[in-house]
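One structure is given below, encoded as structure tokens.
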Amino acid sequence: MLTYHVLLTEILYVKARLLYLIILFMLQIILVSSSHNDRDQSLFISMDEGATFQKQPITFFVETLLFHPKEEDKVLAYTKEGKLYVSTDLGKKWILLQERVSKDHIFWAVAGVDGDPDLVHMEIQDPSGGYCYITCQIQNCSDKTMTVLFTGSIDQDSLTVQDDYIFLQTTSANRTKYYVSYRRNSFVQMKLPKYALPKVRGVKGVFLANQKIDGKVTTLITYNKGRDWDYLKPPITDMNGKPTNCKPPDCHLHLHLRWADNPYVSGTVHTKDTAPGLIMGAGNLGSQLVEYKEEMYITSDCGNTWRQVFEEEHHILYLDHGGVIVAIKDTSIPLKILKFSIDEGQTWSTHNFTSTSVFVDGLLSEPGDETLVMTVFGHISYRSDWELVKVDFRPSFPRQCTEDDYESWDLTNLQGDRCIMGQRRSFRKRKISSWCIKGRSFTSALTSKVCECVNSDFLCDYGFERSAPVKSESSKCFADFWFNPESPPEDCVLGQAYTSSTGYRKVVSNVCEGGVDLQQNLAQHMCPLLAPKGLQISIKGESLAVKPGEDITFIVRQEQGDVLNTKYQVDLGDGFKAIYVNLTMTSEPIRHRYENPGIYRVSVKAENVAGDDEAVVFVQVNSLLQALHLEVVPVIGRNQEVNLTAIILPKNPNLTVFYWWIGNNLQPFLTLESFLMTKFAETGEVRVTVQASCGNSMLQDSKVVQVFDHFHILSLKFTKHLDMYNPNIPEWREDIGRVVTRLLAKETNIPEESLVTVVKPGLPTTADLHVLLPANQPKLKRSVTTDKRIAALKQALNAHNISFFLRGGYWVLVTLDDSDSDSQRIGGGGGYWAIVVLFVICLVVVGAFILYKFKRKLPGRNVYAQMHNEKEQEMTSPVNHSEDTQNIIQGEEFIDDDMDSQTLGNARGNHSGVVLSINSREMHSYLVS
């Protein structure tokens, strides 16, 4: 036995670090490496088993390499960006094959099934965001030359090509369907199986499965593709020759049936096509499978007898058709010893494959079942470079095997029956005493003889279930309550004949002949005209929200019923109607384009003489949201109802969903209306956030609301010239409010943070001036300072001292609203005042007298009253109070343009003088500008 030790830093230099793994093909090795700065990547190619390497720079970052199964110079490279490259000269030159390819769903052509060996199967993402299955040749894979073999989109990461079969799945309306194509024929919907079982390779019809009942997991084996199942027989002795004391029916052997995440180490069950009957697995003895027990067991007669070989789980590698079994302990500590057996695990030898212990990361063998060369790769420490150790078992065998070195063995099930899957099969294996190489010419199959059919060669057909056997009689198959055996199949075509089931069918791949025939006396029926059922209509890409003018494709499917004699009436909801024949079979789908936003009811009705079916889908056509503005009164009283209003562009009625977050609450309120009525129970600052979702777009806006127990409100109005330039949009109202607040603060010397001017929507243009109580003043104290502030504000407004210049040559004067009887109000919550009212009622006479005296002492111009409790919608309508009418005088003084530009510019930086000059009342033009 020869061992070759390779240190990667000696080959790739110190600056290179290994990103990918080792790909071995015959005597060739490819290492994928990148430099430390990740700016370039190279392939290191060896043609002499790693003795020398040649560096080949590439322009992309490789994530996966996929070699052609027959032609070693052809290789596919998948990049991190989802691009697929192809090389026909072992990585020297590369051509971009396709983009937006799904990782691990790329497959070379299968020899004997695909006609062209240069064909590649792949799953790609189309421009609409969906996924589809295509094939193309490596010489030319453009959009015009690639072939789409499945109509409609498929689920991401669902394509699988395995030998004669192609599997994929689709999901629509939360229903997943599975499709299969056999030998590249048309796809049909799969009914069974629901679960994949670990297959015992090398012997047809043998599977292992774990069954969970009442929390207990047990392992079963079948020799006829699942018709009959049996427990695994436990070994009589353990690896040390001591009795196991494990006897059925209370104790059996159970195995872990899981696959390794690392593709370069084995899973827990190990079989090989060219080593029939040889199975190794990790598990335990007992009444059930135990998760933490992973003892290793082996059988060389396909599960009839088992032997324990190790007390811990090992990675397994079969060489020379199973003639050499290599095992390395699955552990997190460094190793330098491997074990191997040449007598099907009956005896084991050890070999030091390296002088320094390494952390083993994986095992690889050269392609070909006859190989005796393997590679162990790992690292000495977690910071060290990778190391490759090649182990060659060829020098350990003196000669090639001859016919005298083999003996035969007959395949039987656990009951001793030799007829399995309709035939008696004999295999040959190397004698325990022979020390030779099987080689490339070895074949395991020896003889095969067809058996006569018996009852065990038949399964219950679809829709039938086996009954429990009565006494000596064998069990029979009866139709389930939901199944009608006389009903025609789904693909029954008018004019053709079909056969009703007797309840039995022969096990797939069973080759028995003669004997018992449980499928005889089948009744022939003519296919009737079937009414359409399971009609579906969907949009390619599965998205029901589209943009105006976007090209969309409707796909119609029908699960059951006649399609050749069925008419399909299509109504796309916008006036387009058409009648089709064979719509579900045509390769031309329905393409359409909606120009105007709205909700469209799309329907398709399938009808023939036998009946009809209808499918409906609602398509939302809406433009992407461009702007969202949350409008809310910045100052509000505690427990006072407030209107939160969201203004969006463009307006999409009934198509937009609004999510409202109040404060730190993680659970939003959902509305289809653009407003929300709410109250704030606590004083302080509360953040209000709204998100608007429409189709594939979502926008957000957020505002902070100040909640107080008490504040004063003065109603304001403006000269009529302002109405001419009022675009009735939130930003304009905010700008005007800031201008008025700043002018009042400057005129009265009241801190600007104590004043908030809120301009109301609609015409005529009016506003509310909120006068906030000083932060250091007690909530209930009516101080002279507050009275002076109100008086100062009224004086400034009545004296016509608050005005600003409007482009167009007009002065806008701000005064108290003469429609209010009392321009001063008190805002705040009603909780405290409700208690006061109750207290006054309880003190009937005394309270009334005190209240009368108290009111007489208050100045007439500063009467404090509770703010009315009527429902007040600040964002929708102004609140009016009457007051003595005052004459509004338009200012005629000339103010320099620089002065009004500065005045307005300080209110909001980017609008400076432009805000008030808007001559259009359309919201869209203002927001976009």
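Not measured: the values here are computed from a predicted model.
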> For Glu71 and Pro117, which heavy atoms make the closest approach, and how far apart are they?
Replying inline: OE2-CB, 4.1 Å
> Shortest non-hydrogen contact from Tyr504 to Cys477?
Replying inline: OH-N, 3.1 Å
>> Strictly below 4.0 Å, N to O, side chains only: are Lys506 and Asp457 in salt-bridge contact?
In response: no
> Going by heavy atoms in the side chains, are Thr447 and Arg424 under 4.5 Å from each other?
Replying inline: no
>> Between Trp108 and Leu66, is the side chain to side chain contact (heavy atoms under 4.5 Å, CB included) condition met? List the steps.
In response: CA-CA 8 Å; Trp108 279 105; Leu66 185 65; 3.8 Å; yes
> So, Tyr297 side chain and Ile279 main chain: donor-acceptor pair closer than 3.5 Å or not?
Replying inline: no
>> Please give me the minimum heavy-atom distance between Thr299 and Gly303, naming the atom from each residue.
In response: OG1-N, 3.1 Å
> side chain to side chain contact (heavy atoms under 4.5 Å, CB included) between Ile298 and Ile325: does it pass, once the steps are laid out?
Replying inline: CA-CA 11 Å; Ile298 189 172; Ile325 306 174; 3.9 Å; yes
> Would a 4.5 Å heavy-atom cut-off, applied to side chains only, mark Leu220 and Leu208 as touching?
Replying inline: no
> Do Thr347 and Asp343 have side-chain atoms, one donor and one acceptor, less than 3.5 Å apart?
Replying inline: yes
>> Distance alone, cut at 3.5 Å: any donor-acceptor contact between the side chains of His254 and Gln288?
In response: no
>> Once you measure the plane-to-plane angle for His321 and Phe442, does it fall in the parallel (<30°), tilted (30-60°) or perpendicular (>60°) bin?
In response: tilted
>> With a 4.5 Å cut-off on side-chain heavy atoms, are Tyr292 and Asn284 touching?
In response: no
>> With a 4.5 Å cut-off on side-chain heavy atoms, are Arg307 and Pro235 touching?
In response: no
> For Ser509 and Lys225, does a side-chain donor sit closer than 3.5 Å to a side-chain acceptor?
Replying inline: yes
>> The test is side chain to side chain contact (heavy atoms under 4.5 Å, CB included); show your working for Thr219 and Leu253 and say whether it passes.
In response: CA-CA 7 Å; Thr219 302; Leu253 171 63; over 6 Å; no
> Do Asp320 and Lys438 meet the salt-bridge criterion of a basic N to acidic O distance under 4.0 Å?
Replying inline: no
> For Ile236, does its backbone N or O pair with a side-chain atom of Thr244 as donor and acceptor, under 3.5 Å?
Replying inline: yes
>> With heavy-atom distances below 4.5 Å as the criterion, would you say the side chains of Phe150 and Thr170 are in contact?
In response: yes
>> Rounded at 0.5 Å granularity, tell me how far OG in Ser300 sits from CG in Leu278.
In response: 7.0 Å
>> Under a 3.5 Å threshold, yes or no: a donor from one side chain and an acceptor from the other, between Asn224 and Thr222?
In response: yes
> Where do Glu486 and His525 land on the side-chain hydrogen bond (donor to acceptor under 3.5 Å, both in side chains) test, with the steps shown first?
Replying inline: CA-CA 9 Å; Glu486 302 299 326; His525 306 275; 3.2 Å; yes
> What's the spacing between Ser102 OG and Tyr131 OH if we round to 0.5 Å?
Replying inline: 5.5 Å
> Are the side chain of Tyr223 and the backbone of Met421 linked by a donor-acceptor contact shorter than 3.5 Å?
Replying inline: no
>> Checking side-chain polar atoms at under 3.5 Å, does Asp230 have a donor or acceptor matched by the opposite partner on Gln415?
In response: yes
> With a 2.5 Å cut-off on the SG atoms, do Cys453 and Cys512 make it?
Replying inline: yes
> Just how far is it from atom NE2 of His105 to atom CD of Gln156, taken to the nearest 0.5 Å?
Replying inline: 8.0 Å
>> Ring-plane angle category for Phe310 and His314, please: parallel below 30°, perpendicular beyond 60°, tilted otherwise.
In response: parallel
> Using 4.0 Å as the upper bound for N to carboxylate O, is an ion pair formed by Lys431 and Asp405?
Replying inline: no
> Hey, is Glu311 close enough to Lys293 for a salt bridge, meaning N to O under 4.0 Å?
Replying inline: no
>> Main chain of Gly416, side chain of Asn413: is a donor-acceptor contact present, judged purely on distance under 3.5 Å?
In response: yes
> If only atom types and distance count, is the side chain of Ser341 paired as donor or acceptor with the main-chain N or O of Gly345 below 3.5 Å?
Replying inline: yes
> Any ion pair linking Glu407 and Arg428 (charged N to carboxylate O, less than 4.0 Å)?
Replying inline: no
> Pairs in or reaching into residues 422-441: which pass ring pair (Phe, Tyr, Trp, His ring centres under 6.0 Å), with residues at least two apart or in two chains?
Replying inline: Phe397-Trp435, Trp409-Phe427
> Looking only at heavy atoms, what is the nearest atom pair of Pro276 and Gly202, with distance?
Replying inline: CB-O, 3.6 Å
>> Please verify the inter-ring angle class for Tyr165 with Phe167; under 30° counts as parallel, over 60° as perpendicular, anything in between as tilted.
In response: parallel
>> Let me confirm one number: the OG1-CG distance from Thr502 to Asp517, rounded to the nearest 0.5 Å.
In response: 8.0 Å
> Going by heavy atoms in the side chains, are Glu559 and Gln536 under 4.5 Å from each other?
Replying inline: yes
> Between Thr371 (side chain) and Val373 (backbone), is there a donor-acceptor pair under 3.5 Å?
Replying inline: yes
> Between Phe107 and His121, is a ring pair (Phe, Tyr, Trp, His ring centres under 6.0 Å) present by the stated rule, with each step listed?
Replying inline: CA-CA 5 Å; Phe107 308 90; His121 304 262; 7.3 Å; no
> For Tyr133, does its backbone N or O pair with a side-chain atom of Glu123 as donor and acceptor, under 3.5 Å?
Replying inline: no
>> Could you check whether any side-chain N or O of Thr566 sits under 3.5 Å from a backbone N or O of Asp562, counting only pairs where one atom can act as donor and the other as acceptor?
In response: yes
>> Using only atom types and a distance under 3.5 Å, with no angle test, would you say the side chain of Asp417 pairs donor to acceptor with the backbone of Ile420?
In response: no
> Is there side-chain contact between Ile166 and Phe187, with heavy atoms separated by less than 4.5 Å?
Replying inline: yes
> Can you list every salt bridge (charged side-chain N to carboxylate O under 4.0 Å, His left out) pair that touches residues 154-169, not counting sequence neighbours?
Replying inline: Asp164-Arg183
> Is Arg430 reaching over with its side chain to a backbone N or O of Cys436, donor-acceptor style, under 3.5 angstrom?
Replying inline: yes
